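One structure below.
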Amino acid sequence: MKWTIRLGKVFGIELSMHATFLLLLFFVAVSQYRAVGTVAGAVSGVAFMLAVFSIVVLHELGHAVTAMRFGVHTRDIILLPIGGVARLDRMPERPLHELLVAIAGPAVSVGLALLLALVAQMLSQPLSADWSQPLTFHTVLGRLVWVNVSLAVFNLIPAFPLDGGRVLRATLAMRMNYVSATQTAARVGRSIALVLGTLGLFVNPMITLIAVFIWITAAAEAGSVEATALLKGTTVRQAMVTQFESLPTTATLAEAAERLLAGAQVDFPVLEDGRLAGILTRTGLIAGLARGGQQVLVRDAMVSAFESATPGEALDAVLARLRVHVTHTAPVLDEGRVIGLLTLDNVGELLAVRGALRTGLNAGAGVPA
């Protein structure tokens, strides 16, 4: 994801913060300073917000660590102003495993709430939910308890991308196929989003924004699962482009620009002595022209780190790698030779064709003979 700042690794999982998160901290600092009138008040507000997002990180780690137990890697955890996102490579294949991964986050939040409540009780601190009180040591424990409770309850709403939506999908998948379970869960999520969006118009605009996010994500989840089903059993050979042009490392960007303008191909394999050396992307070409002009050599503008594939590889596995890589084109290699290109655009065309064929078959099945 763009505009992210790396914070380090936890259990081998990259932890990042979106740049907009800094704007949230600035807003909190200014708001607290205006409310309290002291720098110490502003600092305490920022510290409390950091504590809240530490809780969010622990919530997401609950998902990630549980997923590890089932052989699923988590690419990273990203802190956003609206919360955190743990990006798993995939969901576990077995519904029970997905259920356990989904419920792990809320379970961590509930566990933290109980632990903090116990500490507050030992220190004779009240668990007040009165947010109008000044932020002090006497009120912070109670607030953090309610933050954890709220986080668990909110995430259990049965709507994607919330944990409750995945719990619902996993439960349904125990009784029906995965695609149908996802479609049903997505419909439930969109219905909830519609109710929340309407409520937000009268209560708080932020609720409406959250509802829009839920609506869009529910539709995206359903589309992604349907696409995966359409591509099941497909190999790279069936989806790759076999008519393509390549460039030598000694070509100039002027020559590359001519190739770009002459056809539909936007990313070019770059060869040196007949072997693949890199990829010249459209972005790299334009940046190279702007930086050094037409006589810059292709080897100075190409990308040397890229994903490649073999003809017999499962298409969905290669796509998972491409979606998170800086380049969205994978050269297809056979004994070191480039025999094709796999692009997200071409996979999209394959999905459109197969989707149309499936629709036609279903329509034909419904017509009386």
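A quick note: this is a predicted structure, and the numbers were derived from the prediction, not measured. Numbering of residues begins at 1 and proceeds along the displayed sequence.
Hydrophobic cluster membership is shared by Leu58 and Leu116, with clusters built from Ile, Leu, Val, Met, Phe, Trp and Tyr side chains linked at under 4.5 angstrom. Residue Leu7 is grouped with residue Leu50 when hydrophobic side chains (ILVMFWY) are merged at heavy-atom distances under 4.5 angstrom, including chains of intermediate members. Note: the hydrophobic cluster containing Leu297 does not contain Leu276 (ILVMFWY, side chain heavy atoms under 4.5 Å, direct or indirect links). Note: the hydrophobic cluster containing Ile339 does not contain Leu271 (ILVMFWY, side chain heavy atoms under 4.5 Å, direct or indirect links). Cluster membership for Phe160 and Met176, using ILVMFWY side-chain heavy atoms within less than 4.5 angstrom, is not shared.
Minimum interatomic distance between Leu247 and Ala256 (heavy atoms only, all atoms of both residues): CD1-CB, 3.8 Å. In plain terms, the two heavy atoms of Thr252 and Gln294 that are nearest each other are CB-O, 3.5 Å. Nearest heavy atom pair, residue Thr66 against residue Ala104, reads OG1-CB, 3.2 Å. In terms of heavy-atom proximity, Arg275 sits nearest to Glu335 at NH1-O, 3.9 Å. The shortest heavy-atom contact between Val101 and Leu88 is CG1-CD2, 4.1 Å. Taking each heavy atom of Ala193 and Ile214 in turn, the nearest pair found is CB-CG2, 3.9 Å.
Residue Gln265 forms a side chain to side chain contact (heavy atoms under 4.5 Å, CB included) with just one option from Thr343, Leu341, Leu260, and that option is Leu341.
With hydrogens and angles ignored, the 3.5 Å screen pairs no side-chain donor or acceptor of Arg34 with any backbone N or O of Ala29. With hydrogens and angles disregarded, a donor-acceptor distance shorter than 3.5 Å links the side chain of Asn155 to the backbone of Leu151. In this structure, Thr208 contributes its side chain and Gly197 its backbone to a donor-acceptor pair below 3.5 Å.
The distance from the CD atom of Glu272 to the CE atom of Met302 is 7.0 Å, given to the nearest 0.5 Å. Rounded to the nearest 0.5 Å, atoms CZ (Arg282) and OG1 (Thr329) are 9.5 Å apart. Atom-to-atom distance recorded for Leu115:CG and Asn148:CG is 9.5 Å, nearest 0.5 angstrom. Here CG of Asp163 is found 12.5 Å from CG of Leu168. Values are rounded to the nearest 0.5 Å. Of the inter-residue distances, the one linking Lys9 atom NZ with Asp76 atom CG reads 10.5 Å to the nearest 0.5 angstrom. One distance of note links NE2 of His63 with CG of Leu100; it measures 12.0 Å at 0.5 Å rounding.
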- request: Take Ser44 and Phe48, measure what side chain to side chain contact (heavy atoms under 4.5 Å, CB included) needs, and give me the verdict at the end.
  value: CA-CA 6 Å; Ser44 65; Phe48 179 75; over 6 Å; no
- request: Mind running side chain to side chain contact (heavy atoms under 4.5 Å, CB included) on Phe268 and Ile279 for me, showing each step along the way?
  value: CA-CA 6 Å; Phe268 298 87; Ile279 296 177; over 6 Å; no
- request: In sequence, state the C-alpha distance, the side-chain angles, and the governing distance for Leu344 and Leu319, and then conclude on side chain to side chain contact (heavy atoms under 4.5 Å, CB included).
  value: CA-CA 8 Å; Leu344 294 182; Leu319 282 179; 3.6 Å; yes
Derivation and outcome, side chain to side chain contact (heavy atoms under 4.5 Å, CB included), residues Phe11 and Val65: CA-CA 8 Å; Phe11 297 116; Val65 173; 4.1 Å; yes
query: Given the rule in the side-chain hydrogen bond (donor to acceptor under 3.5 Å, both in side chains) test, do Thr235 and Gln238 qualify, once you have shown the distances and angles that lead to the verdict?
result: CA-CA 6 Å; Thr235 63; Gln238 295 170 273; 3.3 Å; yes
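Side-chain contact between Leu253 and Val298 is present, with heavy atoms from C-beta onward closer than 4.5 Å. By the 4.5 Å heavy-atom criterion applied to side chains, Thr310 and Asp334 are not counted as neighbours. Taking 4.5 Å as the limit, some side-chain heavy atom of Met68 sits within range of a side-chain heavy atom of Ile13. Counting heavy atoms from C-beta outward, Phe53 and Leu25 have side chains that stay 4.5 Å or more apart. Annotation: side chain of Ile78 is in contact with side chain of Arg87 (closest heavy-atom distance under 4.5 Å). Between Leu350 and Thr234 the shortest side-chain heavy-atom distance falls below 4.5 Å. Inter-residue side-chain proximity for Val167 and Ile103 is flagged as met; some heavy-atom pair is nearer than 4.5 Å. Counting heavy atoms from C-beta outward, Val347 and Leu315 have side chains that approach closer than 4.5 Å.
When the shell of 6.0 Å around CD of Gln121 is examined, it contains 12 or fewer heavy atoms from other residues, nucleotides or ligands.
With sequence neighbours excluded, the residues satisfying ring-ring contact (aromatic ring centres under 6.0 Å, His included) with Phe70 are His97.
Taking a 4.5 Å side-chain heavy-atom cut-off between Ile, Leu, Val, Met, Phe, Trp and Tyr, the cluster of Val30 extends to Phe26.
No hydrogens or angles considered: nothing links the side chains of His328 and Asp345 as a donor-acceptor pair under 3.5 Å.
A salt bridge links Glu98 to Arg169: at least one charged side-chain nitrogen sits closer than 4.0 Å to a carboxylate oxygen.
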